[in-house]
Amino acid sequence: MSLQNDLGQKVKDAVKELYQVELPTVEFQPTRKDFEGDVTVVVFPMLRFVKGNPVQIGTQIGDYLQEHVAEVAKCNVVQGFLNIVIEDSYYLNFFNSIKDEVDYGYVKSTSNDAMMVEYSSPNTNKPLHLGHIRNNLLGYSVAEILKASGKKVYKTQIINDRGIHICKSMLAWQKFGDGETPESSGLKGDHLVGKYYVAFDKAYKEQIAELVDSGMDKEKAEKEAPILLEAQDMLRKWEAGDAEVVSLWKKMNSWVYAGFDTTYKNIGVDFDKLYYESDTYLLGRDVVKDGLEKGVFFKKEDGSVWIDLTDEGLDEKIVLRSDGTAVYMTQDIGTAIQRVTDFPDINGMVYTVGNEQDYHFKVLFLILKKLGYSWAEQLYHLSYGMVDLPSGKMKSREGTVVDADDLIQNMEETAESISAELGKLEGYSEEEKKGLYRTIGLGALKYYILKVDPKKRILFNPEESVDFQGNTGPFIQYTYARIQSILRKAENGRLSVVETSLELHEKEKELLKGIQLFPETVQLAAENFSPALIANYTYDLVKEFNSFYQQVSILGEPDEQKKQFRVQLSQKVGEVIQSAFRLLGIDVPERM
RNA sequence: GGCCCCGUAGUUCAAUGGAUAGAAUAGAAGUUUCCUAAACUUUAGAUGCAAGUUCGAUUCUUGCCGGGGCUACCA
């Protein structure tokens, strides 16, 4: 904020005048609640440059600031901390300067500095589950945060639509499906296909057990179960372009896509560009050949191509098989390059992928750097921890997952029953109510997931479900709804400018400080790819507002100037809540 | 074995190397003639262990202990 810049300069001036020393930086922090003041200068780091007693230095700087800076009202020094009280008029001036700003806190995209954010990237053999939800929410939110920080952003996903796991669902459907379709069964397409993925695994396990019973050892049985051999055969046919297999593949994938579309729409995420693995899995081989000539890669005797990363503390990693076919890494190299070809203004990419692939992305990024792409300097693996259940890991194969669609429905139902109990929705139509339950239910879920550091594992207990009270999405939505209620009741006579001679209530000042923090919080969240920073910021602001709301009468204030100021202050807080929550992909309700 | 991530109140989460480690929830106690009590106000309770760097360490370094992951010519 500009005040901090100004003050920083003034502190440097003070030190220069008092001690004839140039200070490189000045460290600020918000003053802790227990002390008097608004901002605090930490004196300790200066001791490196200025010899002396920190208390004395702090006091002298404080005296200088009071004399030379109009906004500084008072100072006090506690240990090595110089606490500065800022004049009310400064905050009121600040408020006047931003109160009518639309999208306050967002930076408009000006440059061609574009980023691509990849997230979701599901397999087309089963429906989305809670792990995908975490992925989707993180990726979408980071994309929105980057946009708000001034970047151009392309959201993308790569759909993993080929491979043995896809053939497993197809084969099981062929064998056991009896022609079942989404229409005939009433099942959502992705769920229908997922059902056959589970059915495959069941049949596979049965066959293994039979083979083991008949004397085969387990490892061999796992490789030679007839149904697995059939699936492998199907994959070969697919790769050869066998018309029947390809047509089945297209049919079942289309069911899955229809299902995914519904789920994405319900979660509220979207994409600017889709990539399909069936189109991209051959990419990358030419690049590897080029890289081989440039000496980035080397060839082993059997003809396979590798990169040696032992200098970087990693291992050797294969990039092309001895038969010349691609591995996962080859595809990823090719796909990254393809994206920059498709969108030449891309200057960086974010990959939202679980932390079990940390190593893979470390290697991928290194390879791209070694190949000499300038954009390779701006690659980020948005890595996140697993979502576990009390019973352990989620496994789609075994059907032990929290299904995304079920979970969303569950959240809506919980929101509904709480709302019904509170009974505040008189006059709302059924349709409006339904929309509200979705807003609240999803708000609870999204906030619950996004407020946590992505790196941490989440233990999700479906029995306890997600809270609607305390540090939660609904808590913040509720505050927003209350503010809207005030605005509806307030008369229209709006002040064009707030008198800066107004004396601020302590809570009002805290709110203004909170509002002031929003733009830098957005930037910080973008730099750190961290929705959690936005969530925590919003919570702090809202908590402060609720305390203000409780202590200070807004509409009941007799002084018209003050009343109008409080109404506008509330309105601005509401706008910031809405803007912040938009970055998390969470809606805010007019009533609740 | 090697490498990576995590370890903070009973539980779920915070804390750019800074002051007396913040919240929420569960527990105890209050606040509705007053703008929505999904709220507000009290209260009790925590840095895995051991060294080191520093004026100052939850944060950085090392070792150990716990939990998870990666370590495929799978994707």
Side-chain angles (χ1 to χ4, degrees), chain A residues 27-29 31-35 40 42-45 47-48 54 78-81 83 123 160 162-166 277 281 300 302-306 313-315 317-329 331-332 354-360 362 383-386 388 393 415 418-419 421-422 424 440 444 448 451-453 455-459 461 464 466-479 481-490 524 527-528 532-533 535-536 539-540 542-543 545-557 566-567 570 591-592:
Chain A
E27 191 177 321
F28 284 98
Q29 57 183 262
T31 304
R32 287 183 64 117
K33 287 258 157 61
D34 335 310
F35 300 97
T40 295
V42 188
V43 180
F44 290 112
L47 296 178
R48 217 168 296 221
V78 181
Q79 296 174 36
F81 298 92
N83 301 320
N123 292 327
N160 300 302
R162 66 168 283 277
I164 187 75
H165 47 294
I166 313 291
E277 202 201 334
Y281 78 107
K300 288 197 175 174
D302 60 7
S304 57
V305 180
W306 297 70
L314 305 173
D315 303 320
K317 191 84 191 170
I318 189 157
V319 291
L320 210 56
R321 293 192 185 107
S322 50
D323 62 5
T325 57
V327 290
Y328 181 39
M329 189 64 76
Q331 282 180 49
D332 268 8
N355 65 6
E356 70 274 11
Q357 296 200 36
D358 284 357
Y359 186 75
H360 173 79
K362 220 186 237 184
S383 163
Y384 60 91
M386 301 232 168
D388 288 326
K393 235 172 136 166
I418 293 175
S419 288
E421 216 171 287
L422 295 172
K424 295 183 192 173
I440 298 172
Y448 172 82
K451 76 172 181 185
V452 181
D453 178 355
K455 283 213 272 282
K456 288 193 172 168
R457 299 171 58 205
I458 291 184
L459 183 73
N461 189 341
E464 292 172 9
V466 175
D467 280 337
F468 284 68
Q469 263 146 24
N471 185 359
T472 65
F475 169 87
I476 291 165
Q477 290 172 321
Y478 174 68
T479 303
R482 262 178 161 182
I483 290 172
Q484 300 319 302
S485 170
I486 288 174
L487 297 181
R488 281 192 295 270
K489 284 178 185 159
L524 202 63
E527 283 163 29
N528 292 291
L533 290 179
N536 291 333
Y539 177 66
D540 287 341
V542 162
K543 214 170 151 42
F545 183 85
N546 280 338
S547 178
F548 162 74
Y549 181 93
Q550 194 75 20
Q551 275 187 40
V552 179
S553 182
I554 299 167
L555 297 176
E557 169 59 45
R566 284 175 189 166
V567 169
S570 302
R591 282 175 60 178
M592 69 185 273

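Computation of the quantities below employed the complete heavy-atom set of this structure, encompassing side-chain atoms and omitting hydrogens, waters and symmetry-equivalent molecules.
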Worksheet entry | Side-chain donor/acceptor of A:Ser547 to base of B:A39, under 3.5 Å | no
Practice prompt. Sort out the partner of B:U43 for me: Watson-Crick or G-U wobble, both distances under 3.5 Å, none otherwise.
Written response: B:G27
Item to complete: Measure the distance from CZ on A:Phe545 to P on B:C35 and round it to the nearest whole Å.
Response: 14 Å
Worksheet entry | Nucleotide B:G2, atom C1' - distance to NZ of A:Lys317 in whole Å | 14 Å
Worksheet item: Which part of the nucleic acid, if any, lies within contact of A:Phe81, taking any heavy atom under 4.0 Å across all strands shown: a base, the sugar-phosphate backbone alone, or nothing?
Response: base
Worksheet item: Which is true for A:Tyr539 with a 4.0 Å heavy-atom rule: it touches a base, it touches only sugar-phosphate, or it touches nothing?
Response: sugar-phosphate
Item to complete: Determine the Euclidean distance between corresponding P atoms of B:A50 and B:G68; express it in Å to zero decimal places.
Response: 24 Å
Item to complete: Just call it for A:Ser419: base, sugar-phosphate, or nothing, with non-hydrogen atoms closer than 4.0 Å on any strand.
Response: base
Worksheet entry | Plane angle bin for A:His360 and A:Tyr328 - parallel if under 30°, tilted between 30 and 60°, otherwise perpendicular | parallel
Practice prompt. Remember a base hit wins even if backbone is also touched, and classify A:Phe475 as base, sugar-phosphate or nothing at under 4.0 Å, heavy atoms.
Written response: sugar-phosphate
Worksheet item: Base, sugar-phosphate, or nothing for A:Met592, non-hydrogen atoms under 4.0 angstrom?
Response: base
Practice prompt. Just call it for A:Asp388: base, sugar-phosphate, or nothing, with non-hydrogen atoms closer than 4.0 Å on any strand.
Written response: nothing
Worksheet item: What does B:U32 pair with, Watson-Crick or G-U, if both distances are under 3.5 Å?
Response: none
Practice prompt. Using whole Å, report how far CZ of A:Arg457 lies from P of B:U11.
Written response: 15 Å
Discussion item. Using a 4.0 Å heavy-atom cut-off, does A:Gln29 contact any base of the nucleic acid, only the sugar-phosphate backbone, or nothing at all?
Written reply: base
Worksheet entry | Atom P, compared across B:G1 and B:U20: separation rounded to whole Å | 41 Å
Worksheet item: Looking for any heavy atom pair under 4.0 Å, which part of the strands does A:Ile164 touch: base, sugar-phosphate only, or nothing?
Response: nothing
Worksheet item: With a non-hydrogen cut-off below 4.0 angstrom, is A:Pro54 in contact with a base, only sugar-phosphate, or nothing?
Response: nothing
Discussion item. Going by purine N1 to pyrimidine N3 plus the second Watson-Crick contact, or the G-U wobble pair, all under 3.5 Å, which nucleotide sits opposite B:U54?
Written reply: none
Discussion item. Rounding to an integer number of Å, can you tell me how far A:Gln331 CD sits from B:C74 C1'?
Written reply: 11 Å
Discussion item. Classify A:Asn528 by what it touches in the nucleic acid, base, sugar-phosphate, or nothing, heavy-atom distance under 4.0 Å.
Written reply: nothing
Fill in: Residue matched to B:C64 through Watson-Crick or wobble contacts both under 3.5 angstrom
B:G48
Discussion item. Rounded to whole Å, please give me the gap between CZ in A:Arg321 and C1' in B:A72.
Written reply: 10 Å
Worksheet item: If you measure only the distance, is there a donor-acceptor pair under 3.5 Å linking the side chains of A:Asn355 and A:Arg457?
Response: no
Worksheet item: What do you reckon, are the aromatic ring centroids of A:Phe548 and A:Phe545 less than 6.0 Å apart?
Response: yes
Worksheet item: Which part of the nucleic acid, if any, lies within contact of A:Val552, taking any heavy atom under 4.0 Å across all strands shown: a base, the sugar-phosphate backbone alone, or nothing?
Response: base
Worksheet item: What does B:G1 pair with, Watson-Crick or G-U, if both distances are under 3.5 Å?
Response: B:U71
Worksheet item: Does a nitrogen or oxygen in the side chain of A:Lys451 sit under 4.0 Å from OP1 or OP2 of B:A23?
Response: no
Worksheet item: Does CZ in A:Arg48 sit with more than 12 non-hydrogen atoms of other residues, nucleotides or ligands closer than 6.0 Å?
Response: no
